[in-house]
Amino acid sequence: IASSAEKFTVDAGAGGIAFYGAGGNDTVGTVYIKNSSTTADTWQTYMIFTDGGNRGQFGIKTTTAQLAMSGSGGIELKTGATDLASSTTALTLDTSQNATFAGSITATNANFNSKFIISNDGTMTWGGAADYGNLTWDTGYAIIAGQSGKGIEFKTNGSTTALTITSGQ
């Protein structure tokens, strides 16, 4: 199917079905899928992927507009290539709700002035630029360390200093 002005084209070539929208637009998608159900507080499925037994799907919750993605065997988020077979798995969510990250996990606030990083080598750093504390390990030891020029302070009751170790000790 193709319009004379090429505003919409569907190509069912050997590689599958491709949709092409003419003109380019930053606010309108090339493919728009609508599910007209208005049943409150339910998950509405918009796309189902199946090979006859295994299933994956995308949907939206009508009341909250939350996007969901589901896979009968779990979900993998992949990066680094244009095809799934060659790409690298960055995150795996298994059917027991376990998340496995291939790289480090970095949490930061909107101003990027506070970081908490869990690295894939089993260490954790935190602080303004992830430069204050370090939780690490070595054979037979769990190590809590203040980073270069930083001390360690232990507190009780949320604010009472119980022990201070300065960076010079």
Side-chain angles (χ1 to χ4, degrees), residues 12 14-19 26-147 150 152-159 162-163:
I17 299 174
F19 295 92
D26 292 340
T27 60
V28 177
T30 302
V31 177
Y32 180 90
I33 302 171
K34 182 177 181 181
N35 183 330
S36 297
S37 175
T38 58
T39 306
D41 204 32
T42 58
W43 288 100
Q44 301 299 319
T45 299
Y46 285 77
M47 294 178 72
I48 297 174
F49 308 94
T50 184
D51 61 4
N54 299 307
R55 288 175 58 123
Q57 54 191 327
F58 286 109
I60 295 177
K61 194 167 191 176
T62 56
T63 308
T64 61
Q66 291 171 298
L67 175 67
M69 142 173 66
S70 172
S72 59
I75 297 170
E76 287 189 16
L77 299 179
K78 295 177 155 285
T79 62
T82 57
D83 64 285
L84 292 174
S86 300
S87 59
T88 302
T89 300
L91 168 62
T92 301
L93 302 171
D94 69 21
T95 57
S96 298
Q97 291 77 48
N98 296 310
T100 303
F101 293 84
S104 298
I105 301 168
T106 301
T108 186
N109 68 8
N111 297 322
F112 299 100
N113 60 7
S114 183
K115 281 190 174 182
F116 179 84
I117 299 173
I118 301 173
S119 299
N120 60 358
D121 64 358
T123 64
M124 179 178 67
T125 57
W126 64 91
D131 64 347
Y132 274 77
N134 186 309
L135 182 61
T136 188
W137 56 274
D138 198 352
T139 307
Y141 291 94
I143 301 168
I144 300 171
Q147 294 192 42
K150 310 295 193 294
I152 299 174
E153 204 170 71
F154 292 95
K155 295 190 176 198
T156 59
N157 296 321
S159 63
L163 174 65

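Excluded from the calculations below are hydrogen atoms, water molecules and symmetry mates; all remaining heavy atoms, backbone and side chain alike, are included. Small disclaimer: the values here were computed from a predicted structure and weren't measured. Residue numbers run from 1 in the order of the sequence given.
With hydrogens and angles disregarded, no donor-acceptor distance shorter than 3.5 Å links the side chain of T63 to the backbone of A40. The backbone N or O of R55 lies less than 3.5 Å from a partner atom in the side chain of S72, making a donor-acceptor pair. Put simply, the side chain of Q147 gets close to the backbone of G133: a donor and an acceptor are under 3.5 Å apart. Under the 3.5 Å distance criterion, the side-chain polar atoms of N120 are matched with a main-chain donor or acceptor of A102. D51 places a side-chain N or O within donor-acceptor distance of the main-chain N or O of G53, the cut-off being under 3.5 Å. Looking only at distances, no side-chain donor or acceptor of D138 sits under 3.5 Å from a matching main-chain atom of Y141.
Contact of the M69 side chain with the L77 side chain is registered, since non-hydrogen atoms from C-beta on lie closer than 4.5 Å.
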Requested in this report: Evaluate side-chain hydrogen bond (donor to acceptor under 3.5 Å, both in side chains) for T89 paired with E76, printing each intermediate quantity in order.
Outcome: CA-CA 6 Å; T89 300; E76 287 189 16; 2.8 Å; yes
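Within a 6.0 Å sphere centred on CH2 of W43, other residues, nucleotides and ligands contribute more than 12 heavy atoms. For L135, the CG atom counts as densely surrounded, since its 6.0 Å shell holds more than 12 non-hydrogen atoms of other residues, nucleotides or ligands.
The CG atom of N134 lies 6.5 Å from the OG1 atom of T125; values are rounded to the nearest 0.5 Å. To the nearest 0.5 Å, atom CD1 of residue I60 and atom CD of residue Q66 are 10.5 Å apart. Rounded to the nearest 0.5 angstrom, I144 CD1 and T136 OG1 are separated by 11.0 Å. In this structure, F58 CZ and T45 OG1 are separated by 11.5 Å, a value rounded to the nearest 0.5 Å. The structure places OG of S70 at 5.0 Å from CD of Q57, a figure rounded to the nearest 0.5 Å. Considering OG1 of T64 and CG of D41, their distance stands at 7.5 Å, rounded to 0.5 Å.
The shortest heavy-atom contact between A99 and L91 is CB-CD1, 4.0 Å. When all heavy atoms of G74 and T95 are compared, the pair lying nearest together is N-CG2, 3.8 Å. When all heavy atoms of Y132 and G128 are compared, the pair lying nearest together is CD1-N, 3.7 Å.
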